[in-house]
Amino acid sequence: MANTITTIYPFTGEVLKKYTLFTDKEIDTSLHKSEEVFLKWKKQSLQNRTRLLQKLADVLNQQKKEYANLITIEMGKPYRESVAEIEKCIRLIDFYEKNAEQFLADELIETEAKESFISYDPLGCILAVMPWNYPFWQVMRFAIPTITAGNTAILKHANNVTGCALAIQDLFEASGYPVGCFQTLLASHKQIEKIIENDIVKAVSLTGSEKAGRTIAEIAGKNLKKTVLELGGNNACIVWEDADLDKYMDTIVKARMQNAGQSCIAAKRFIVVDEIYDNFLEKFKEALKNIKFGAPLDPKTELGTLARIDLVEEVQRQIDESIEKGAIVLVGNRRNNTFFEPTILINVKSGMPAFDEEIFGPVAAIIRAKNRDHAFKLASQSTFGLGIMLFTQNVEEAKKQIDHVEDGTFFINEMIKSDPRLPFGGTKASGYGRELSREGILEFVNKKTVYIK
């Protein structure tokens, strides 16, 4: 087993840095440190814990350019999007600084007792297993509510963003959090299994693939530990015949091409009612011409590279197999190292990877629906349940579909995006549990009933 991690700039293939994996002994030391700090951290007043959030936001803002640069060179995201990612983290921190005390306050329940209420108490050391596509945001949306609730956190990040993982630990420590409150572990998959089994770890949060989710859930389940799983998505973007394409086409294209399509909540299947299909296709194709490609570090670049060459090869496989089954390439399907040209596939049907699987790249499958009902029927033909978006001028009619949408999110006339104020998560193969909002901060607490006669 290799005991090193190598990070690479996807745009040039340049080796950035090599890191040594932790030994089992080092991991054990980190776990015991997390437990030791938790016993003190949970006794801190909530006011003291939330006070540190302002310092955290200040440091994040001061180092915004450096952190954005690190994101870009490690996973290829355009620099402008990396800056936006850090700014979103700052908004997240601000939200919990203002609302954590209210969310975690004892909830009084009127019963026959003299006093009865729910107390929200931290669980202990929580493990996070996080992906590379939003290397700061994914971690922070877990860590901020979890640590503010009184837990400690340990992170196993994706190997290709190891620099970001270590920078986040430094960020917490530079902001005044106790050393050991947030720790990054450079660990192998085999070591992670042992970490989950360790009694010190009380729960696990994973953002990743369906395969990873099933593995983590199985190990945690055997050890009776809670999990929150935010897994893949194959989101449908439904376009009714009355959609205002001139107003929303930029939003629709961005919903697929942001972060080079490497997002679980990206629109992946565009299901367009027959009456407007041809017009939609032409406008979508024209909009792709306006996207600025280039070096990820160039502030003007809107679409950079995919994060790794194996990811490019997987996207190519999915396209090729879809073509073999009858899909037609309208635009794109060309690549150069880690760059993949924005691609439009038509004649896509169920049974093709472009319909059934999550394509993690800038590939839009545009599917013709007979009518509105048929569009929703096609959208529901998915093992995933992260989200559906709908574009129409008849919002009242659209709202009637809410009860019929099984997914975790339903956005009307807007691309799906996570917001600190709203719960985020999926159903079916997209996982379970919720992040963000009040629901997110209550995922890793003991909801304790207190009854006083």
Legend entry - Candidate pair I219 and V204, rule side-chain contact (heavy atoms from CB on, under 4.5 Å), full reasoning: CA-CA 10 Å; I219 300 168; V204 185; over 6 Å; no
Inset, instruction - Using the six-membered ring of Y79, assess whether NZ or CZ of K65 lies under 6.0 Å from its centre and within 45 degrees of the ring axis. - result: no
Looking at [X] and [Y], would you say the former's side chain and the latter's main chain have a donor-acceptor pair under 3.5 Å?
X    : Y    : value
N160 : W132 : no
E439 : R434 : no
E97  : A57  : no
D242 : N394 : yes
Q169 : T184 : yes
E210 : A429 : no
N235 : A267 : no
K88  : S418 : yes
K377 : A369 : no
T207 : S205 : no

Do NZ/NE/NH1/NH2 and the carboxylate oxygens of [X] and [Y] come within less than 4.0 Å?
X    : Y    : value
K285 : E282 : yes
E397 : K400 : yes
R91  : D419 : no
K64  : E87  : yes
K399 : E396 : yes

Legend entry - Polar side chain donor-acceptor pair, Q62 to D58, under 3.5 angstrom: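 Checked: Q62/D58 side chains show no N/O donor-acceptor pair below 3.5 Å.
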Inset, instruction - Establish, from distance only, whether the side-chain atoms of S34 and T152 form a donor-acceptor pair under 3.5 Å. - result: yes
Inset, instruction - Would you sort out whether L386 and I265 count as a side-chain contact (heavy atoms from CB on, under 4.5 Å), showing the intermediate values? - result: CA-CA 7 Å; L386 199 53; I265 57 173; 3.6 Å; yes
Contacts under 3.5 angstrom, residues 300-307 side chains, donor-acceptor by atom type, not counting sequence neighbours:
{"unit_1": "T301", "atom_1": "OG1", "unit_2": "A295", "atom_2": "O", "d": "2.8"}
{"unit_1": "E302", "atom_1": "OE1", "unit_2": "K292", "atom_2": "N", "d": "2.9"}

Which heavy atom of [X] sits nearest a heavy atom of [Y], and at what distance?
X    : Y    : value
L70  : A167 : CD2-CB, 3.8 Å
L16  : I73  : CD1-O, 3.3 Å
V201 : K225 : O-NZ, 2.8 Å

Inset, instruction - Before giving the answer on side-chain contact (heavy atoms from CB on, under 4.5 Å), spell out for K194 and I27 the whole-Å C-alpha distance, their side-chain angles and the decisive distance to 0.1 Å. - result: CA-CA 10 Å; K194 293 180 180 178; I27 289 175; over 6 Å; no
I'd like to know whether [atom1] of [X] has more than 12 heavy-atom contacts from other residues, nucleotides or ligands below 6.0 angstrom.
X    : atom1 : value
E313 : CD    : yes
K254 : NZ    : no
H374 : NE2   : yes
N446 : CG    : yes
K417 : NZ    : no

Inset, instruction - Please confirm whether F95 and F103 have ring centers closer than 6.0 angstrom. - result: yes
Does some side-chain heavy atom of [Y] sit less than 4.5 Å from a side-chain heavy atom of [X]?
X    : Y    : answer
Q258 : M415 : yes
F11  : L297 : no
L56  : M140 : yes

Legend entry - From CD1 (I93) to CD1 (I144), nearest 0.5 Å: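 Going from the CD1 atom of I93 to the CD1 atom of I144 covers 4.5 Å.
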Inset, instruction - Please lay out, stage by stage, how K222 and E197 fare under the test salt bridge (charged side-chain N to carboxylate O under 4.0 Å, His left out). - result: CA-CA 9 Å; K222 287 179 180 178; E197 293 169 350; over 6 Å; no
Inset, instruction - Return the orientation label for the F172 and Y177 ring planes: parallel under 30°, perpendicular over 60°, tilted otherwise. - result: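 Answer is perpendicular, since the angle exceeds 60°.
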Inset, instruction - Determine the interplanar angle of the F376 and F410 rings, folded into 0 to 90°, and report it as parallel if under 30°, tilted if 30 to 60°, perpendicular if over 60°. - result: perpendicular
Inset, instruction - For E218 and R214, run side-chain contact (heavy atoms from CB on, under 4.5 Å): C-alpha distance rounded to whole Å, both residues' side-chain angles, the deciding distance at 0.1 Å, then the answer. - result: CA-CA 6 Å; E218 181 180 3; R214 291 182 184 278; over 6 Å; no
Legend entry - Residue pairs, two or more places apart or on separate chains, that pass salt bridge (charged side-chain N to carboxylate O under 4.0 Å, His left out) and touch residues 136-147: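 Only R141-E230, R141-E435 qualify under salt bridge (charged side-chain N to carboxylate O under 4.0 Å, His left out).
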Inset, instruction - Begin from the C-alpha positions of K370 and D274 and carry the test salt bridge (charged side-chain N to carboxylate O under 4.0 Å, His left out) through to its verdict. - result: CA-CA 5 Å; K370 297 175 185 176; D274 181 72; over 6 Å; no
Please set out all donor-acceptor pairs under 3.5 angstrom arising from side-chain atoms of residues 348-366, sequence neighbours excluded.
{"unit_1": "K349", "atom_1": "NZ", "unit_2": "N347", "atom_2": "OD1", "d": "2.7"}
{"unit_1": "D356", "atom_1": "OD1", "unit_2": "G351", "atom_2": "N", "d": "3.4"}
{"unit_1": "D356", "atom_1": "OD2", "unit_2": "G351", "atom_2": "N", "d": "2.9"}
{"unit_1": "E357", "atom_1": "OE1", "unit_2": "R317", "atom_2": "NH2", "d": "2.9"}
{"unit_1": "E357", "atom_1": "OE1", "unit_2": "Q318", "atom_2": "NE2", "d": "2.9"}
{"unit_1": "E358", "atom_1": "OE2", "unit_2": "G233", "atom_2": "N", "d": "3.2"}
{"unit_1": "E358", "atom_1": "OE2", "unit_2": "K268", "atom_2": "NZ", "d": "3.3"}

